[in-house]
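What you see below is based on every heavy atom in this structure, not just the backbone, and it leaves out hydrogens, waters and symmetry mates. Model, not experiment: these values are computed from the prediction. Numbers restart at 1 for each chain; the letters A, B, ... are given by sequence-line order, proteins then strands.
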Amino acid sequence: MRWSRYYVPTLKEAPADAEVVSHKLLIRAGMIRRLTSGVYTYLPLGYRALNKVAAILREEMDNAGALEVHMPMVQPADLWKESGRWDYYGKELLRLKDRHDREGCLGPTHEEVITDLLRGEVRSYRQLPLNLYQIQTKFRDEVRPRFGLMRGREFVMKDGYSFDKDEEGANQSYKAMFAAYTRAFQRMGLRFRAVEADSGAIGGSFSHEFMVLATTGEDTIAACTACDYAANLEKAEVTLAGEPVSLPECPAYETVATPETHTVEDVCAFLKLGPEKIVKTLLFDADGEPVAALVRGDRELNEIKLKNQLNATVLNLATPEQVVAWSKAPVGFAGPVGLAVERIVADNELLQGTDWVTGANQGDAHHVHVDLKRDASISAYADLRTVTESDPCPRCSGKLELTKGIEVGHVFKLGLKYSKTMSATFLDENGKDQHMVMGCYGIGVSRIVAACIEQNHDDAGIVFPPPLAPYEVLLCNLGIKEDACNAKADEIYTWLNAQGIEVLLDDRNERPGVKFKDADLIGLPIQLVVGAKALAKGIVEAKDRRTGERAELPVDDFEAAFIAWRKQVHEGWTL
RNA sequence: CGGGAUGUGGCUCAGUUUGGCUAGAGCGCAGCGUUCGGGACGCUGAGGCCGGAGGUUCGAAUCCUCUCAUCCCGACCA
């Protein structure tokens with residue numbers, strides 16, 4: 001492609017609304033433009049990068065035996081009501097009505113549609129397993145879209161769904177997808193990690209997320225430094241260091257006045273105690289029912305864990321009004337002793353201590369010397385708190401490290417969740433009806449482009465890894481008014497194209513400085529410079545965008561010299 | 001949905017506090033000339049109902065009310 005006939009509107013300055021580096025660079029490099037909040041147009045260069053990602057995914061999916069389909073973006077409400085997600089999915093689901101007043105939505109994901117399709121098609125176990133995928137635009141009406149392509153409302157996703165006749169088959173499908181994802185991300189040249197994850201709104205029994213490691217990530221990963229355990233912070237397990245055999249005797253509890261102590265810090269300061277002596281009581285509205293959750297004062301409750309423990313559909317922290325109604329006390333004074341709430345769940349860690357300080361369910365008062373077993377009725381103990389770096393690895397007791405990551409892929413084992421609610425069955429070998437065992441697999445295609453840039457950039461601009469670069473080579477002709485330069489640039493351009501090496505020829509009538517700045521900004525891995533001075537010396541200059549390393553390739557033996565140089569650049573990326 | 005902020009040429013922003021000539025700058029864009037190895041320079045020019053509606057006033061980018069949009073923080077979320 002010749003730049004003079006291409007469209008790469010680069011900018012010197014980034015728009016004021018761009019916050020993260022990938023967003024700024026995507027806009028400055030002329031790859032995307034914003035239409036409205038969380039919705040972007042891909043310009044030619046950006047679209048090529050997007051398609052690079054898509055092409056690798058297609059190859060890996062096809063190699064893994066998945067079949068590409070394309071499903072509708074507009075979906076009828078009936079299907080979502082059938083699966084139960086019409087109510088569950090919430091405002092993220094963009095709902096709409098057609099001219100006949102029929103309800104529908106824009107597809108944020110396609111479990112309903114694919115299940116509906118296959119329950120009508122698949123009659124026999126002989127037709128299974130099936131694994132279908134698509135690369136398609138999704139719409140999720142995010143509360144707060146941000147960071148450009150990292151968290152858009154409209155985005156491109158690769159979503160795949162597997163259907164198996166039994167658990168074993170489903171596990172195999174899951175493993176195959178896990179392996180395919182791993183290969184795909186490796187091929188893209190991304191530094192990533194697969195971590196255990198919560199299955200969230202998609203539902204299902206277990207799942208892994210693929211995280212690109214970058215400081216700007218919105219997710220936190222807890223990874224073991226000794227073994228290969230890694231999990232999303234919202235999922236990472238806390239293991240007890242061993243339950244003590246006997247706890248010291250705890251004196252009878254008493255009520256003490258603690259005026260104006262609304263927070264754990266207040267209480268600590270007032271009673272001159274550390275927060276680890278306090279039991280924090282948090283009230284939640286779980287599907288309309290009050291629930292109390294207890295964690296140590298210095299710990300953070302993990303709402304995902306609580307939600308899973310309660311098996312709740314909708315879980316919200318109680319409003320101040322609800323707190324007052326349920327605890328009969330102002331906010332900050334709820335406690336488990338005598339609390340008129342049916343379900344009180346406590347973090348496992350509370351089994352390891354006694355003689356606690358808790359709220360007294362009356363204003364300006366706390367209980368001291370509380371023994372939970374003796375003084376409160378706890379309905380269950382469970383792992384409810386968020387891990388910290390001081391917790392041991394739940395697998396090997398090694399040290400955990402917290403790092404930031406960008407979620408670019410997610411594999412779920414769904415099991416029978418959708419096949420049951422939507423009656424997707426087939427006849428097995430014995431002629432009996434069985435539910436299909438499902439899995440689903442998503443990759444944020446457009447998010448990968450952003451994540452790739454977050455991970456690969458410098459002060460001058462993007463540094464594309466070769467597999468995702470819109471073109472591999474930027475061929476810069478500095479002497480467009482000199483025949484020798486034009487001839488040499490054209491010759492190299494033609495040769496590269498003939499070799500199947502994708503090249504963008506900068507043949508614009510611009511000053512060298514402008515061309516160099518643009519070249520670095522758009523970040524193609526290899527830069528070749530044809531200039532009059534160098535040409536007179538019989539050389540063409542080459543630059544490795546990543547390292548900044550330059551080489552002088554002799555005109556006489558250009559082809560061989562280039563091939564060798566290129567190999568070196570590529571090898572630099574795989575090390 | 002709570003809290004905070006911003007809307008002025010394609011982009012970055014002044015001007016708004018204290019209302020007053022024809023609304024400015026830099027970048028970008030068009031033309032001409034000089035330049036030509038790391039975002040050149042000169043001259044000329046195009047481009048703005050100052051987010052929108054209503055109001056106050058002799059007079060509104062500037063003050064008031066409403067509204068729309070966008071961004072940031074939080075809650076939420078593959």
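- Closest approach to the F147(A) side chain among rC73(B), rC71(B), rG37(B) is made by rC73(B) (side chain taken as heavy atoms from C-beta onward).
- Residue K158(A) is classed as having no contact, given no heavy-atom separation below 4.0 Å to the nucleic acid.
- Within the 4.0 angstrom heavy-atom criterion, no nucleotide atom of any strand lies near R508(A).
- Atom P of rU8(B) sits at a distance of 15 Å from the matching atom of rA61(B), rounded to the whole Å.
- Of the options R447(A), Q455(A), H457(A), E454(A), a side chain to side chain donor-acceptor pair (under 3.5 Å) to S22(A) is made by E454(A) and by none of the others.
- Spacing between rA60(B) and rC64(B) at atom C1', rounded to whole Å, works out to 11 Å.
- By the 4.0 Å N-to-carboxylate-O rule, K515(A) lies too far from D520(A) to be salt-bridged with it.
- By the 6.0 Å contact criterion, CD on E300(A) is open, its count of non-hydrogen atoms from other residues, nucleotides or ligands being 12 or less.
- Heavy atoms of F210(A) sit nowhere under 4.0 angstrom from any nucleic acid atom.
- Annotation: of the two residues near RNA chain B, A16(A) and K307(A), the 5′-most nearest-nucleotide partner is A16(A).
- Contact check for Y181(A) versus E60(A): no side-chain heavy atoms found under the 4.5 Å cut-off.
- Here rU70(B) sits opposite rA5(B) as a Watson-Crick or G-U wobble pair (both hydrogen-bonding atom distances under 3.5 Å).
- As rounded to the nearest Å, rA25(B) and rU34(B) have P atoms that lie 27 Å from one another.
- rC11(B) is paired with rG26(B) under the Watson-Crick or G-U wobble criterion, all donor-acceptor distances under 3.5 Å.
- Backbone-only engagement by E303(A) is indicated by non-hydrogen atom pairs under 4.0 Å involving sugar-phosphate atoms exclusively.
- Between F178(A) and F210(A), the gap from one ring centroid to the other is short of 6.0 Å.
- Nearest nucleotide to the P512(A) side chain, out of rU70(B), rC36(B), rG39(B): rC36(B).
- Comparing rA53(B) with rC11(B), their C1' atoms sit 28 Å apart, to the nearest whole Å.
- Within 4.0 Å (heavy atoms only), K91(A) reaches no atom of the nucleic acid at all.
- Using atom P as the reference point in both rG54(B) and rU17(B), the two lie 23 Å apart (nearest Å).
- In the interface, the side chain of R511(A) is paired with the base of rU35(B) through a donor and an acceptor atom under 3.5 Å apart.
- Contacts of E209(A) with the nucleic acid, taken as non-hydrogen atoms under 4.0 Å apart, are absent.
- The distance from the CH2 atom of W80(A) to the CG atom of L93(A) is 5.5 Å, given to the nearest 0.5 Å.
- The same atom, C1', is picked in rG19(B) and in rC50(B); the two are 15 Å apart, to the nearest Å.
- Under the Watson-Crick or G-U wobble criterion, with both distances below 3.5 Å, rU34(B) is paired with rA40(B).
- Residues of residues 20-29 of chain A having a heavy atom closer than 4.0 Å to RNA chain B, listed by number: R28(A).
- Contact of R144(A) with rG2(B) (side chain to base): no donor-acceptor pair of N or O atoms is detected under 3.5 Å.
- Annotation: cation-pi geometry satisfied between R95(A) and W86(A) (NZ/CZ under 6.0 angstrom from ring centroid, within 45° of ring axis).
- Going from the P atom of rA78(B) to that of rG4(B) covers 29 Å, rounded to whole Å.
- Residue-level contact check: D518(A) touches the bases, meaning some heavy atom is under 4.0 Å from a base atom.
- One finds no salt bridge joining D347(A) and K305(A) here, because no Lys/Arg side-chain nitrogen approaches an Asp/Glu carboxylate oxygen to under 4.0 Å.
- Contact annotation: side chain of E13(A) to base of rG28(B), donor-acceptor pair absent below 3.5 Å.
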Salt bridge (charged side-chain N to carboxylate O under 4.0 Å, His left out) for D287(A) and K307(A)? Distances and angles first, verdict last. CA-CA 10 Å; D287(A) 300 324; K307(A) 192 172 172 179; over 6 Å; no
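- Nucleotides rA14(B) and rG9(B) are separated by 13 Å at their P atoms, to the nearest Å.
- Look at rG48(B): it lacks any Watson-Crick or wobble partner with both distances under 3.5 angstrom.
- Residue contacts for A534(A): at a heavy-atom cut-off of 4.0 Å it reaches a base atom on one of the strands shown.
- Across all strands shown, nothing is found opposite rU18(B) as a Watson-Crick or G-U wobble partner with both distances under 3.5 Å.
- Taking side-chain N and O atoms only, K515(A) has no distance below 4.0 Å to OP1 or OP2 of rG39(B).
- Applying the 4.0 Å criterion to OP1 and OP2 of rA69(B), one finds that S37(A) has every side-chain N and O outside that range.
- The partner of rU65(B) is rA53(B), by the rule that a Watson-Crick or G-U pair needs both atom distances under 3.5 Å.
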